[in-house]
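Here the structure is laid out as structure tokens; the discussion comes afterwards.
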Amino acid sequence: MGLLERIYKWMFRSLANQLLFTYLVIIVISLLAVSLWALFAIKSESVTDLRNSLEVEAVHLALEIDNDLGMDSEKSRQRIQSAVDRHATKLGVAITVVDRDGRVLADSSTISPAPDGVNISNDSEINDALAGIVAIYTRNERTTNSNWLYVACPVRAAGQTTGVIRVGVQLTEIEQRLHRDLIIFLEIIFATGVMTVLISLWLARRVNRPLQEMSMTARKIAASGDMSETVPVKRPDEVGELARSFNQMIRRLREQERLRQEFIANASHELKTPTMAIGSVVEALQAGAAEDPKLRNQFLESLERLVDRQANLLQDLLDISRLDSGQDMSLKNEINVQQLINDAVYQVQPNAEKKQVEINVDSDLDGAVVMGNSIHLQRALVNILGNAVNYTSKDGNVGIKATLDGINEVEIKITDTGIGIDAEDLPKIFERFYRADKARSRASGGSGLGLAITQEIIARHQGSVSVESEVGVGSTFVVRLPVKVQAPPVERPLESDADKDAVLGSHE
Ligand SMILES: Nc1ncnc2c1ncn2[C@@H]1O[C@H](COP(=O)(O)OP(=O)(O)OP(=O)(O)O)[C@@H](O)[C@H]1O
Ligand SMILES: [Mg+2]
């Protein structure tokens, strides 16, 4: 595996590595760039300074010796030599003076003196200066094995170049300084890199620990369903926020799990009662009741009631679980509200007649249409109407008043003159399995699921259902549903194909 591939793998092993690697690369590259720029700037500035001072020195010397340069005498040569030595020692530089042909007249260098009389016009700077230009060259001298900076200035008299003064300096000092600077820069880069790594690792651990805790808790829930633990929330940042949401999720799951268990316990309990009753009736029949025709009929009738009740309960449980599982409820039927009410009344009418309860419908709907699922909506209305009839005694009244509230909403008010509901029970009657008057509700075959189903269905239709009641006087249930705006007043048959797909039974 190549190095690049290894780095690549390491980098993507964790979020922290990716961050660390990115920071490190950015920091090292930018520091390197800044350092290189600084080194070049320092070097060029130092060299420029040096060159300027060498040039000034050459000019000073030229002023001193330009008279002697033209004269070819021993005396003038000595004067030149002594001036050269003086300037050279003062500045610690090497100075060479050549005549107009490039022959050495004087040289200060003790390291590699150019012998008098030797022609050095081949050296580039001398050559240039003899041509009248101030020449600047950097060259590696083999004799000293070091870089030298040379400035060569022509000395002129009467428009003629009479000679050249060359001032040279060894660049070792500048180079050493640059070397030192380079090392300091590299040390800074290394230290910054190490600091970046340490800070990143520390940060990564800080971020990682709560994330790991969360993933461990999640794994525990996934493996064994154990939701007893939440994760500690200690931080004010995004990771803390995540932990808070995570804990909220766990609490919600716990609540759902509690509701689920409660539901199963309730459902089993509700199923057990009629099942046991059926068992007793069958036992009684076997024990001889079947011989007596009167008794047999009585027992068979109660068997029929019990089985009906069982079937109703199972249907309710099935409906609730369908609604809970969010199974697609087609909401695409156009439902004429008047038709909906008529059909619901038609369903509860036999029971009402049996109980001698009168049902009155008073509606002003102007052909209002709601969008939804007609089977479900009818089920919801029948549940409320059925209750109104069930919990109202002989010669009572059930009234339905349906009106359009503005153009957007239809209001269906179902009022009865029944037993009413205690204020204490009122907020709970929409809960699953809740029955205000257990004895009476059970006697009428109720399981306490009807209103829960109703509320769920109405909510799916973006509607609402509310209740007001007074014990001994009666109850009023109000259903509100959004109306399809500017609906054409179409009369539709209630059972469309889509409705038949989603069969929901009715237990009235
Ligand atoms: N119109 C009403 N008058 C008086 N009490 C009512 C009325 N409607 C509902 N209730 C009370 O609210 C409770 C819950 O009603 P819900 O329809 O959910 O259950 P149920 O009628 O007992 O059983 P089922 O699931 O068979 O409908 C009832 O048990 C009853 O005590
Ligand atoms: Mg009911």
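In each ligand, atom 1 is the first atom listed, and ligand 1 is the first ligand listed. If you're wondering where the values come from, they're calculated on a predicted model, not measured in any experiment.
- Other residues, nucleotides and ligands contribute over 12 non-hydrogen atoms within 6.0 Å of the CZ atom of R254.
- For ligand 1, the polar-atom distance check against Y391 finds a nitrogen or oxygen pair separated by under 3.5 Å.
- Within ligand 1, the atoms closer than 4.0 Å to a non-hydrogen atom of G420 are 4 (C), numbered from 1 in the order shown.
- Summarising the contacts of atom 6 (C) of ligand 1 with D425, L449, I421, the nearest heavy atom is found in I421.
- Residue contact annotation: F430 has no non-hydrogen atom under 4.0 Å from ligand 1.
- Residue-environment remark: CZ (F12) exceeds the threshold of 12 foreign heavy atoms within 6.0 Å.
- Taking the centre and axis of the six-membered ring of W10, the NZ or CZ atom of R6 falls outside the cone set by 45° and 6.0 Å.
- Scored by the side chain to side chain contact (heavy atoms under 4.5 Å, CB included) test, N342 finds Q338 as partners (sequence neighbours excluded).
- Set against the non-hydrogen atoms of D316, the atoms of ligand 1 under 4.0 Å away are 25 (O).
- Heavy-atom separations between G418 and ligand 1 are all 4.0 Å or longer.
- At a 4.0 Å heavy-atom cut-off, ligand 1 touches S475 through the side chain alone.
- Between the side chains of T476 and E468, no donor N or O sits under 3.5 Å from an acceptor N or O.
- Remark: R244 CZ is packed, more than 12 non-hydrogen atoms of other residues, nucleotides or ligands lying under 6.0 Å away.
- Shown in contact with L451 at under 4.0 Å from a heavy atom are these atoms of ligand 1, numbered in order with element: 9 (C), 15 (O), 16 (P), 17 (O), 18 (O).
- Scanning for side-chain hydrogen bond (donor to acceptor under 3.5 Å, both in side chains) contacts around R432 gives D324, with sequence neighbours left out.
- Distances from atom 23 (O) of ligand 1 to the heavy atoms of S469, G448, A452 put G448 nearest.
- Proximity to F477 (heavy-atom distance under 4.0 Å) selects the following atoms of ligand 1: 1 (N), 8 (N).
- Under a 4.0 Å criterion applied to the non-hydrogen atoms of Y434, ligand 1 contributes the atoms 13 (C), 14 (C).
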